[in-house]
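Basis for what follows: all heavy atoms, side chains included, without hydrogens, waters or symmetry-related copies.
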Amino acid sequence: RLRFMMPVRNQLDCAASNMATGHAALFPDLPKRASTTDVLRAVLRELAWFGELQQKHPDRFHSFFEFEISRLSLSGMASFLGLEPNRAWLDAAQAAMTVRRGRQHEPGLIAAYRAMVQELFEENAQWSMKLLRFVGDGPTGEAS
C-alpha cells in the first residue's frame, strides 16, 4: 500500500525558488507571467490538499516541517514507513536534513502569506499554526 510523505519548508522560500528556477510553470492554472503571490498561493493550495488527505488518511500521509527535524521526528518518519530507525540512519538523516536560513521577503508578500494561510487552512488549525511560524507568528517562530 502506498504511503506519501511531504516535507514542508518555508513556503515563501519555495515560491521564490519556483519563480527563480522556472518550476512555477509546472503548476496548473497559473498564468504564464505569474507573480510570486500567485505562485505562493499555488504552493499553499498543494499543501492544503495534502493536509486534507493526511487528516482523512493519517496512516497513508505523513508530513514534517523543517523546524521539526529531530531524532524524534525522524523516528516517527521511520515508524510511518514501517522501518526500524537505527542509530547510524538517524545520525545521517539528521545531518542530511539540516536546512539553511531562508531568504528575506517583502512585508507585502508576508502579509499576503498570512491571509492565504488563514483562508486555505481554516479547517486545519494545526497546519495553520505551524505555517505561520515561518513568518514569526507562534512559538519559536523566526521573522522573515
- Task: Would you check if R3 and H62 make a side-chain contact, meaning some heavy-atom pair closer than 4.5 Å?
- Result: no
- Return the set of residues passing side chain to side chain contact (heavy atoms under 4.5 Å, CB included) with S75 (not counting sequence neighbours), or none when no residue passes. P85, L90
- Message: Any heavy-atom pair between the side chains of R114 and L132 that's under 4.5 Å?
- Response: yes
- Query: Same cluster or not: are V135 and M116 linked, directly or through other Ile, Leu, Val, Met, Phe, Trp or Tyr residues, by side-chain heavy atoms under 4.5 angstrom apart?
  - Reply: yes
- Quick one: which residue pairs count as a salt bridge (Lys or Arg N to Asp or Glu O under 4.0 Å) with a foot in residues 82-92, not counting sequence neighbours? R71-D91
- Is I69 reachable from M5 through a run of I, L, V, M, F, W or Y residues, each pair having side-chain heavy atoms under 4.5 Å apart? yes
- Determine which pairs satisfy salt bridge (Lys or Arg N to Asp or Glu O under 4.0 Å) with at least one residue from residues 58-70, sequence neighbours left out, and list them in order. E68-K130
- Task: Mind checking side chain to side chain contact (heavy atoms under 4.5 Å, CB included) for P7 and listing every partner two or more places apart, or none if nothing turns up?
- Result: F64
- Who pairs with F27 by ring pair (Phe, Tyr, Trp, His ring centres under 6.0 Å), at least two apart in sequence or on another chain? none
- Message: Treating Y113 as the side-chain partner and Q11 as the backbone partner, does any N or O pair qualify as donor plus acceptor under 3.5 Å?
- Response: no
- Compare all side-chain heavy atoms of C14 with those of S17 and state whether any distance is below 4.5 angstrom. no
- So the salt bridge (Lys or Arg N to Asp or Glu O under 4.0 Å) pairs with at least one residue in residues 20-44 (sequence neighbours excluded) are R41-E119
- Point-to-point distance, once rounded to the nearest 0.5 Å, from CG of L12 to OG1 of T37: 9.5 Å
Pairs under 3.5 angstrom only: tabulate donor-acceptor contacts from the side chains of residues 42-53 to other protein residues two or more places apart or in another chain.
none

- Task: State which residues pass side chain to side chain donor-acceptor pair (under 3.5 Å) with H57; sequence neighbours excluded, sorted by chain then number.
- Result: none
- Hydrophobic side-chain clustering at under 4.5 Å (ILVMFWY, transitive links): who's grouped with L72? Put none if nobody. none
- Do the non-hydrogen side-chain atoms of T36 and H105 ever get within less than 4.5 Å of each other? no
- Query: Quick one: salt bridge (Lys or Arg N to Asp or Glu O under 4.0 Å) pairs with a partner in residues 72-83, sequence neighbours left out?
  - Reply: none
- Could you state whether L81 and L2 fall into the same hydrophobic cluster, counting links through intermediate Ile, Leu, Val, Met, Phe, Trp or Tyr residues with side-chain heavy atoms under 4.5 angstrom apart? no
- Query: Atom CZ of F80 and atom OG of S63: how far apart are they, to the nearest 0.5 Å?
  - Reply: 9.5 Å
- Task: State plainly whether one hydrophobic cluster holds both F65 and V117, where clusters connect Ile, Leu, Val, Met, Phe, Trp and Tyr through side-chain heavy atoms under 4.5 angstrom apart.
- Result: yes
- Task: Decide whether a cation-pi geometry holds between R133 and F67; the criteria are a distance under 6.0 Å from NZ or CZ to the six-membered ring centre and an angle within 45° of the ring axis.
- Result: yes
Considering only distance and modelled atom types, tabulate donor-acceptor pairs under 3.5 Å from the side chains of residues 120-129, sequence neighbours left out.
residue : atom : partner : partner atom : Å
N124    : OD1  : W127    : N            : 3.3

- salt bridge (Lys or Arg N to Asp or Glu O under 4.0 Å) partners of E106, counting only residues at least two apart: none
- Measure the shortest side-chain to side-chain distance between L74 and W89 over non-hydrogen atoms and say whether it is less than 4.5 angstrom. yes
- Task: Group every Ile, Leu, Val, Met, Phe, Trp and Tyr by side-chain heavy-atom contacts under 4.5 Å, then state whether M97 and V8 land in the same group.
- Result: no
- Message: Nearest 0.5 angstrom please: Q104 CD to L109 CG, how far?
- Response: 12.0 Å
